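Since the structure is predicted, the reported quantities are computational estimates derived from the model, not experimental observations.
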Amino acid sequence: MSQTVVRNVLLFDGKATHQDATVIFDANTGLIESVSTGTPPAEYPTGATVIDGRGHTLLPGLIDAHIHSYGLHLPAGANIATVLADPLKCGVTTVCCMHSDPETVYDHQKRIDSEVEKARKDGKAGRVTLSSLKSAHYGATIDGGWPKPIVLANHPTDELKAKVDTWPKLTVDNAPDFVANHKKNGADYIKLMQENCCSLAFPTNSIPVATLELQTAVVKAAHSHDMPVVGHATAVESTEIILKSGADGLAHTFIDQAPPESIISLYKKTNAFVVPTVVVLTSLTGEEQDWRERFASIAKSRSLITDAQHENMVAFLGAKAEGATIDHAYTTIKRLKAEGIDIVAGTDAIAGLQGTAIGPSLWQEIAMYVAKCGFSPEEALRSATEAGARRLGFNDRGTVEKGKRADLVLVEGDVTEKLERLWENKGVVNVWKEGLLAA
């Protein structure tokens, strides 16, 4: 039989916590068959694998709502195929790429689908190693605009320059075709780019900047295709444009100043969500070095990263403008949370990008929500499960419910009481993606 039963477990279902739960799921269908709290089922499926979850927490697979799946920051000879292996070991069953070439996305997804197919054929011996990937494909870039300067900042080879030159060059006129083609080619959402470098170590307005007219045209086209829209912005001025365009959410919070009341009001008026990405923002500002060192050490001790990845994870970008600070981000997150705005966990982690590692960085991100932004462990977990799935339109995951994908994580201890149990002691004991056990 392909069913698994986890019984006597503390269940965080993405919304609330339940004692003495029993969850039954099927590796063949990849779905949760039943969820019982309190009174267990009278019988279990014949031949099912039964796991006693006493002393453990079962929760939905974590979602990192902002990564990049390309290999532009990887050293020569590095294997891009491994980019999605580390997050699954951390219980991150879905990662959301916010700008990458479609060819790389397709290659990743082909490996993911092939692995799931083989694991199902192998029956109980079948294992998976890769997280699921959602993607914007290319973001709605403009000629010469963001993220060209950051991608070309360190090693602008002729090959890399040529690659960047193939990025979309959005205008008001071609925005509808851009969105329609993305929808046709399998993109899950649209990513806007709004960057005037006000928060960064580049001269303000030193690169072309998208207009409100353009961003509004892209959002209108995306919504006509029922596609969510998320916008890059690291400063208040850019955030205001993204919010006024009608986008569904922000892919970062800003670091150039404390939150003006006008921005808080715009968030409330538009019901936009925010993916704070404090991990990459602290790398950008060079602050919170102790956090990078702590989580790099945790990841290394759990054999999640190599020595080279450890060195990269403790490094930082250090590319902020004068006056930019992570404290502005913390203040903004606290204010938005108090106003009922959805906070969706995401890191902007990229393989090879200083200060980040896809997988362990999500642990760091949500831990910083608790330590710096007043979240409870349960609220932090919700930001990395139900909130991300709901706001990005992933209706098949994010919660533990009958009929949802069996993306599940079993953790030793009560992680809703102490978030550190995700990585302390035994930490993550088992991970299932589509009901299939992770290797």
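Between the side chains of Asp173 and Thr171, no donor-acceptor pair of N or O atoms lies under 3.5 Å. With 3.5 Å as the limit, one finds no donor-acceptor pair spanning the side chains of Gln194 and His232. With 3.5 Å as the limit, one finds a donor-acceptor pair spanning the side chains of Asp101 and Thr104. A donor atom on one side chain and an acceptor atom on the other are not found under 3.5 Å apart for Thr157 and Glu159. No side-chain donor from either of Arg405 and Thr93 sits under 3.5 Å from a side-chain acceptor of the other. Residues His68 and Ser100 bring no donor and acceptor atom of their side chains to less than 3.5 Å of each other. Side chains of His18 and Asp13: a donor-acceptor N/O pair is present below 3.5 angstrom, by distance only. At a cut-off of 3.5 Å, with distance as the only test, a side-chain donor of Thr94 or Arg397 sits close to an acceptor on the other residue. At a cut-off of 3.5 Å, with distance as the only test, a side-chain donor of Thr347 or Asp64 sits close to an acceptor on the other residue.
Between Asp226 and Lys183 there is no salt bridge, since no side-chain N of the basic residue sits under 4.0 Å from a carboxylate O of the acidic one. Residues Glu339 and Arg335 are paired through a salt bridge, judged by an N-O separation under 4.0 Å between the basic side chain and the carboxylate. The existence of a salt bridge linking Lys372 and Glu288 is confirmed by a sub-4.0 Å separation between a basic side-chain nitrogen and an acidic carboxylate oxygen. A salt bridge links Glu240 with Lys244; the closest basic N to acidic carboxylate O contact falls under 4.0 Å. Classification of Arg391 and Asp342 as a salt-bridged pair holds, one side-chain N sitting under 4.0 Å from a carboxylate O. A salt bridge links Glu401 with Lys404: the closest approach of a Lys/Arg side-chain nitrogen to an acidic carboxylate oxygen falls below 4.0 angstrom.
Between Ser131 atom OG and Leu88 atom CG the span is 4.5 Å, to the nearest 0.5 Å. Between Asp348 atom CG and Leu281 atom CG the span is 8.0 Å, to the nearest 0.5 Å. The OG1 atom of Thr4 sits 4.0 Å away from the CZ atom of Phe25 when rounded to the nearest 0.5 Å. Annotation: the span from Arg294 atom CZ to Gln289 atom CD amounts to 14.0 Å, rounded to 0.5 Å. The CD atom of Glu287 lies 8.0 Å from the CD1 atom of Ile255; values are rounded to the nearest 0.5 Å. Here the CG atom belonging to Asn196 is positioned 8.0 Å from the CD1 atom belonging to Ile207, to the nearest 0.5 angstrom.
Atom NZ of Lys169 has more than 12 heavy atoms from other residues, nucleotides or ligands within 6.0 Å. Residue-environment remark: CZ (Phe316) stays at or below the threshold of 12 foreign heavy atoms within 6.0 Å. Counting heavy atoms of neighbouring residues, nucleotides and ligands inside a 6.0 Å radius, atom CD of Glu293 exceeds 12 of them. Counted within 6.0 Å of NZ on Lys320, heavy atoms from surrounding residues, nucleotides or ligands total more than 12; the atom is thus considered enclosed. In this structure, Glu237 places its CD atom where only 12 or fewer heavy-atom neighbours from other residues, nucleotides or ligands lie under 6.0 Å away.
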Problem set entry | Worked check of side-chain contact (heavy atoms from CB on, under 4.5 Å) between Leu304 and Cys90 | CA-CA 8 Å; Leu304 297 171; Cys90 297; 3.6 Å; yes
Exercise. After noting the C-alpha distance and the side-chain angles of Ser238 and Glu195, does the key distance pass the side-chain hydrogen bond (donor to acceptor under 3.5 Å, both in side chains) rule?
Worked result: CA-CA 6 Å; Ser238 298; Glu195 184 56 71; 5.1 Å; no
Problem set entry | Evaluation steps, side-chain contact (heavy atoms from CB on, under 4.5 Å), between Leu243 and Ile241 | CA-CA 5 Å; Leu243 289 169; Ile241 290 173; over 6 Å; no
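In this structure the side chain of Cys96 never reaches within 4.5 angstrom of the side chain of Ile67, judged on heavy atoms. The shortest distance between side-chain heavy atoms of Thr17 and Leu11 does not fall below 4.5 Å. For the pair Pro276/Ile343, a side-chain contact is recorded, criterion being any heavy-atom separation below 4.5 Å from C-beta on. Contact check for Val151 versus Val164: side-chain heavy atoms found under the 4.5 Å cut-off. Using a 4.5 Å heavy-atom cutoff, the side chains of Ile190 and Pro228 are not in contact. Contact of the Leu192 side chain with the Val218 side chain is registered, since non-hydrogen atoms from C-beta on lie closer than 4.5 Å. The shortest side-chain heavy-atom distance between Val274 and Tyr267 falls under the 4.5 Å cut-off. Using a 4.5 Å heavy-atom threshold, the side chains of Leu353 and Leu317 count as touching.
Here the closest heavy-atom approach between residue Val344 and residue Gly388 is recorded as CG1-CA, 3.5 Å. Taking all atoms of both residues into account, the shortest heavy-atom contact from Thr57 to Val415 is OG1-N, 3.2 Å. Between Asp414 and Arg421, the closest heavy-atom pair is O-NH1, 3.0 Å. Of all heavy-atom pairs spanning Ile264 and Pro259, the tightest one is CD1-CB, 4.0 Å. Closest non-hydrogen pair, His252 versus Ala233, comes out as CB-O, 3.4 Å. Shown here for Gly53 and Val6, the closest heavy-atom pair between the two residues is CA-CG1, 4.5 Å.
Between His328 and Phe254, the ring center distance fails the sub-6.0 Å criterion. A distance of 6.0 Å or more separates the ring centres of Trp363 and Phe295.
Just one of Glu379, Glu386, Glu378 meets the salt bridge (Lys or Arg N to Asp or Glu O under 4.0 Å) condition when paired with Arg382; it is Glu378.
A donor-acceptor pair under 3.5 Å is formed between the side chain of Thr306 and the backbone N or O of Gln309. With Ser114 contributing its side chain and Lys110 its backbone, the two residues share no donor-acceptor pair below 3.5 Å. For Asp86 (side chain) and Gly359 (main-chain N/O), no donor-acceptor pair under 3.5 Å exists by modelled atom type. Counting only distance, with no hydrogens or angles, the side chain of Thr166 and the backbone of Lys163 share a donor-acceptor pair below 3.5 Å. Asn181 contributes a side-chain N or O that, together with a main-chain N or O of Asp177, makes up a donor-acceptor pair within less than 3.5 Å. The main-chain N or O of Pro60 is never found under 3.5 Å from a side-chain atom of Asp407 such that the two would form a donor-acceptor pair. A donor-acceptor contact shorter than 3.5 Å is absent between the side chain of Glu412 and the backbone of Asn425. Here the side chain of Ser199 pairs no donor or acceptor atom with the backbone of Ala324 at under 3.5 angstrom.
Between His182 and His137, the two ring planes are tilted [angle within 30° to 60°]. Aromatic ring orientation, His99 versus Tyr138: tilted (interplanar angle from 30° to 60°). Below 30°, between 30° and 60°, or above 60°: for Phe375 and Tyr369 the angle between ring planes is between 30° and 60°, a tilted geometry.
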